[in-house]
Amino acid sequence: MSDSGQISVWLERLVSAIRGGRGPALWALGILIGVIAGYATLGLRLGISFVEQTAFGVTEIHLASAAAHLPPWRVILIPLATGALVAFGLWLGLRLNLTPEARSQGVADVIEARAVKAGRIDLKSGLYSAVLSAISLGGGASAGREGPAVHLGASLAAALGKWLDMPARGSRVLLACGAAAAVSASFNAPVAGALFAFEVILGHYALRSIAPVASASIIGALIVRHHLGQDPVFGLPEMGAATVWDFPLAAMLGVAAAGLAILFNRGAIFLPARIAQWCEKRGIPLWILPLPGGLLIGLMALIAPEILGVGYEATSNALRTEYGLALLLLLIGMKTLATVITLGFRFGGGVFSPSLYLGAMLGSAFGLLAGLALGDQTAGPGFFAVIGMGAVSGAVLGAPLSTTLIVFELTSSYEASVAVLLSVSLATVLAQSALGGSLFQLQVQRKGFDVSGGSGRLILQTIRTRDVMVPLDDWGRSEISDSTVVFEDDTLGRTLGVLDAEQVDSAAVRGRGGDQPIIGVVTKADAQAAYARRLAEISEEEHR
């Protein structure tokens with residue numbers, strides 16, 4: 001064989017390995033996605049800083065203190081003007097089909113893409129959503145940058161998977177790579193970035209996924225460290241040595257964190273849905289909502305400028321116990337309300353940073369109260385601020401391991417990490433028992449897909465009758481009875497439910513168009529076989 005023939009064969013094997021998502025080829029893709037998503041997250045951070053510098057004259061690290069010294073009219077005007085820009089962006093996005101739901105996108109959309117859409121995300125919508133989020137957060141909207149970063153990284157990874165014609169199995173791994181690199185680049189925490197991708201995005205720890213996801217996460221962190229340095233995102237507190245009292249107190253803080261997470265998640269789910277329903281009844285377009293939302297945020301910032309933006313300065317101050325008890329309690333209430341308003345009124349942004357903010361405030365307040373009761377027998381408010389930060393965010397996100405690792409990577413404190421693991425475990429179990437899932441799972445559930453119920457339930461929701469029916473011409477018209485009927489777009493779960501309820505082995509399938517003609521037949525045997533095949537495929541994907 002000639003040299004050109006050998007090269008051709010080698011390239012064919014390489015392309016086949018890449019598309020099949022096998023071995024070193026998948027690792028190489030993980031590294032490539034780490035570079036792409038890492039620089040995309042860096043670009044998002046710089047974009048937010050540019051808008052902040054333009055609007056407030058400072059960047060995130062000094063935003064709260066700078067806003068406190070601005071004239072009141074400017075504190076109101078900046079979020080209002082930001083709302084006007086975002087409203088125009090949503091209107092334009094609707095016209096160009098870039099924001100079909102009149103909102104920016106986030107982590108829940110990535111989870112939906114993994115579970116329902118074979119790992120596919122529209123790249124143009126992803127890029128446009130990132131721009132709207134940068135404007136929103138830089139202009140004072142009270143939300144987090146990590147959610148938009150995760151969606152941006154996943155969108156770029158999905159575009160690469162589509163270009164390579166990757167199968168669904170490989171595309172889902174690439175999504176996780178993009179998410180891992182984004183989280184890692186946001187917090188300078190590569191281990192936590194990888195754990196977040198497994199825990200929240202993929203929902204499993206398959207061996208074939210570990211190397212590419214870990215590679216992407218490490219590359220994302222290295223890129224940010226190279227350009228922005230190795231300083232931690234938050235100013236860390238001075239923590240005393242943990243005492244025998246601190247671990248029972250950490251458990252108590254976990255219960256309090258669960259209560260705050262439940263309140264926050266209910267608001268973040270309830271308010272956007274109610275506002276959308278209210279606007280629909282009155283014929284008000286959803287794209288206009290950021291305008292009144294910006295006004296509300298500006299008015300709230302007159303009372304507590306610490307609510308503005310991503311909130312890292314205020315979070316660092318709480319970790320260093322620079323706030324008194326009264327201010328901490330005020331900021332917990334104001335930040336919760338401001339973030340719920342931000343999400344409900346269609347600004348771009350996520351919930352990771354707000355949950356860290358609320359946790360730090362709650363933990364610092366708890367630590368002050370513990371100090372009043374026990375004196376110097378505790379490790380101090382800073383210790384509990386770190387624990388609260390992990391407990392609330394873990395309960396909100398449904399990611400106890402990731403948040404524990406973030407705390408460890410930020411503090412390098414083994415004792416604090418053990419206390420966080422105890423607190424976040426309690427908080428997550430209590431919150432998910434009360435709500436039925438994490439915030440992201442509940443957001444996906446509102447679209448009709450229950451990702452908290454495992455693969456078996458999801459299969460029943462995603463396979464359609466048309467996928468398993470026998471076409472009319474193949475069955476034979478004379479043999480079809482229409483005594484039991486299902487529709488072509490019914491879910492597999494509904495179809496099996498109808499067959500069981502009617503105690504029949506087959507049903508006619510009607511189309512949705514025109515006079516709803518019979519277009520085929522579905523049998524219980526075929527439906528159950530399709531369910532078993534898909535379950536076997538998922539089991540292999542999640543365990544190999």
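Bear in mind the structure is a predicted one, so any value in this text is a computation, not a measurement.
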Checking side-chain polar atoms at under 3.5 Å, does Ser393 have a donor or acceptor matched by the opposite partner on Thr403? no

If you take all heavy atoms of Leu44 and Arg145, which pair is closest and at what distance? CD2-O, 3.9 Å

Rounded at 0.5 Å granularity, tell me how far CD1 in Ile303 sits from CE in Met334. 4.5 Å

The side-chain hydrogen bond (donor to acceptor under 3.5 Å, both in side chains) partners of Arg114 (sequence neighbours excluded) come to none

Under the 3.5 angstrom rule, does the side chain of Gln105 hit a backbone N or O of His151 as a donor-acceptor pair? no

Taking the six-membered ring for Trp, are Tyr39 and His227 closer than 6.0 Å centroid to centroid? yes

Is there a side-chain contact between Thr495 and Met469 in this structure, where contact means two heavy atoms from C-beta onward sitting under 4.5 Å apart? no

Hey, does Pro290 have a side-chain heavy atom less than 4.5 Å from the side chain of Leu90? yes

Closest heavy-atom pair and its distance - Ser217, Ser184: O-OG, 2.6 Å

For the residue pair Phe347 and Ser136, what are the closest heavy atoms and their distance? CD2-OG, 3.7 Å

Minimum heavy-atom distance between Ala141 and Thr342, given as atom pair plus value: CB-CG2, 3.9 Å

Heavy-atom donor-acceptor pair, Ser129 side chain to Ser125 backbone, under 3.5 Å: no

Arg282 side, atom CZ; Gln277 side, atom CD - distance, nearest 0.5 Å: 11.0 Å

Is a side-chain N or O of Tyr128 found less than 3.5 angstrom from the main chain of Gly89, in a donor-acceptor match? yes

Any donor-acceptor N/O pair, Glu313 side chain to Ser65 backbone, under 3.5 Å: yes

Tell me, please, which residues at least two apart from Asp489 pass salt bridge (Lys or Arg N to Asp or Glu O under 4.0 Å). Arg512

Taking atom CZ of Phe88 and atom CG of Leu132, what is their separation to the nearest 0.5 Å? 11.0 Å

Any side-chain donor paired with an acceptor under 3.5 Å for Glu146 and Ser186? no

Tell me every residue that passes salt bridge (Lys or Arg N to Asp or Glu O under 4.0 Å) with Glu101, counting only those two or more places apart in sequence or in another chain. Arg103, Lys447

OG1 on Thr82 to CD1 on Ile297, rounded to 0.5 Å: 9.0 Å

Is any side-chain heavy atom of Arg346 closer than 4.5 Å to a side-chain heavy atom of Leu286? yes

To the closest 0.5 Å, what do you measure between CD1 (Ile78) and CZ (Phe56)? 4.0 Å

Between Arg169 (side chain only) and Glu537 (backbone N and O only), is there a donor and an acceptor less than 3.5 Å apart? no

Does any part of the side chain of Leu460, heavy atoms only, come nearer than 4.5 Å to the side chain of Thr491, both counted from C-beta? no

Of all heavy-atom pairs between Ala527 and Leu492, which one has the smallest distance, and what is that distance? CB-CD1, 3.6 Å

Would you say Ser215's side chain and Trp27's backbone share a donor-acceptor pair under 3.5 angstrom? no

Could you pull out the closest heavy-atom pair between Val213 and Ala180, with the gap in Å? CG1-CB, 3.8 Å

